[in-house]
Amino acid sequence: MFRSAFLALVMTFVLACAAQPSFAAGYNAGSFTANLPAGWTMTQDEEVTNFAEPSGPLELVILIKKYDDESIDDVVAEMAGQTPVQFLDANIYIYEDSSGSRGWCMLADDGTVADISTNMAYVNMKSFISGLNAAGDEPGLAEIFKALASSKQAADWLNYVTPAFADSEGGSDPGDTEDEGTLFEHKTFTATIPV
């Protein structure tokens with residue numbers, strides 16, 4: 001009886017482990033590392049690091065910039081342009097561009113900005129997010145990755161669990177100031193920051 005139960009427990013464990021992809025592959029992007037299943041490709045072009053799934057269209061993109069004295073208004077103007085944004089905090093916003101890709105962006109205290117985006121849902125998004133680690137000489141990036149990993153809202157947004165904010169209560173489109181909230185006047189559009 002005990003052997004049968006033990007054998008069943010071991011088999012369940014083996015099957016459960018086999019069902020989960022291995023995150024043993026570490027990708028070193030210089031200023032940070034990321035853990036993804038073996039076989040993914042990583043390409044870099046200056047500030048942009050792109051991770052692509054080996055057998056499909058899924059892409060995870062991390063853009064990192066350094067600013068000396070930029071406000072979040074300046075960051076939104078440069079990074080989002082005409083794309084509507086929704087602020088989650090004073091220095092964190094999310095967006096969905098015209099192609100349907102979603103992103104999460106943060107300005108750290110030291111002027112580091114990271115924009116993490118994806119073109120579709122990824123079943124292991126939370127694992128990807130929590131596996132991002134800043135290099136030792138990147139305190140701003142460490143602050144950003146910590147905020148990202150601790151935000152269920154960010155993971156749900158990037159994994160397309162949350163509906164598009166422009167269609168939901170408290171969302172904003174360029175020029176939309178009818179919702180309750182704080183008016184945010186941007187160089188290229190006006191939005192309402194939910195209270």
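Residue numbers run from 1 in the order of the sequence given.
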Counting distance only, does the side-chain N/O of Ser101 pair as donor-acceptor with the main-chain N or O of Asp97 below 3.5 Å?
-> no
Give a yes or no on whether the backbone of Asn119 and the side-chain of Glu59 come within a donor-acceptor separation of less than 3.5 Å.
-> no
Can you tell me if Asn133 uses its side chain to pair, donor with acceptor, with the backbone of Gly131 under 3.5 Å?
-> yes
Neighbour count above 12 (heavy atom, 6.0 Å) for Gln153 CD = no
Which atom of Met79 lies closest to which atom of Asp115, heavy atoms considered = CE-CB, 3.7 Å
When you measure from the side chain of Tyr93 to the backbone N and O of Ile72, does any donor-acceptor pair fall under 3.5 Å?
-> no
Between CH2 on residue Trp157 and OH on residue Tyr95, distance to nearest 0.5 Å = 10.5 Å
Would you call Lys65 and Glu70 a salt bridge, taking side-chain N to carboxylate O under 4.0 Å as the test?
-> no
Which pair of heavy atoms, one from Gly39 and one from Tyr27, lies closest together, and at what distance?
-> N-OH, 3.8 Å
Euclidean distance, Tyr122 OH relative to Leu36 CG, rounded to 0.5 Å = 5.0 Å
For Asp110 and Gly140, indicate whether the former's side chain and the latter's backbone hold a donor-acceptor pair under 3.5 Å.
-> yes
Heavy atoms of Trp40 and Leu58 approach each other most closely as CH2-CD2, 3.5 Å
Separation between CZ (Phe145) and OG1 (Thr33), nearest 0.5 Å, reads 8.5 Å
Heavy-atom nearest pair, Ala135 first then Gly30, reads CB-O, 3.7 Å
Go through Val113 and Cys105 one step at a time and tell me if the side-chain contact (heavy atoms from CB on, under 4.5 Å) criterion holds.
-> CA-CA 7 Å; Val113 173; Cys105 187; 3.6 Å; yes
The reported gap from CG in Leu158 to CZ in Arg102 (rounded to nearest 0.5 angstrom) is 8.5 Å
Value for CD1 (Ile94) from OG (Ser117), rounded to nearest 0.5 Å, stands at 13.5 Å
I would like to know whether Met125 and Leu60 meet side-chain contact (heavy atoms from CB on, under 4.5 Å); could you show each step before the answer?
-> CA-CA 9 Å; Met125 182 64 74; Leu60 303 169; 3.8 Å; yes
Side-chain heavy-atom pair Lys66, Glu138 within 4.5 angstrom cut-off | yes
Test item: side-chain donor near acceptor, Ser71 and Asp73, under 3.5 Å | no
Spacing of Leu63 atom CG and Glu47 atom CD [to the nearest 0.5 Å] | 5.5 Å
Would you say Asn159's side chain and Ala121's backbone share a donor-acceptor pair under 3.5 angstrom?
-> no
Can you see which heavy atom on Pro57 is nearest to which on Glu53, and at what distance?
-> N-OE1, 4.1 Å
Only one of Ile64, Thr112, Ile92 passes side-chain contact (heavy atoms from CB on, under 4.5 Å) with Ile144; say which it is.
-> Thr112
Can you name the nearest heavy-atom pair linking Thr49 to Met42, along with the distance?
-> CG2-CG, 3.8 Å
Is Lys126 reaching over with its side chain to a backbone N or O of Ala149, donor-acceptor style, under 3.5 angstrom?
-> yes
State yes or no: do Tyr160 and Trp104 share one hydrophobic cluster built from I, L, V, M, F, W and Y residues joined by side-chain heavy-atom distances below 4.5 Å, directly or via other members?
-> no
Checking Asn91 side chain against Leu107 main chain: does a donor-acceptor pair fall under 3.5 Å?
-> yes
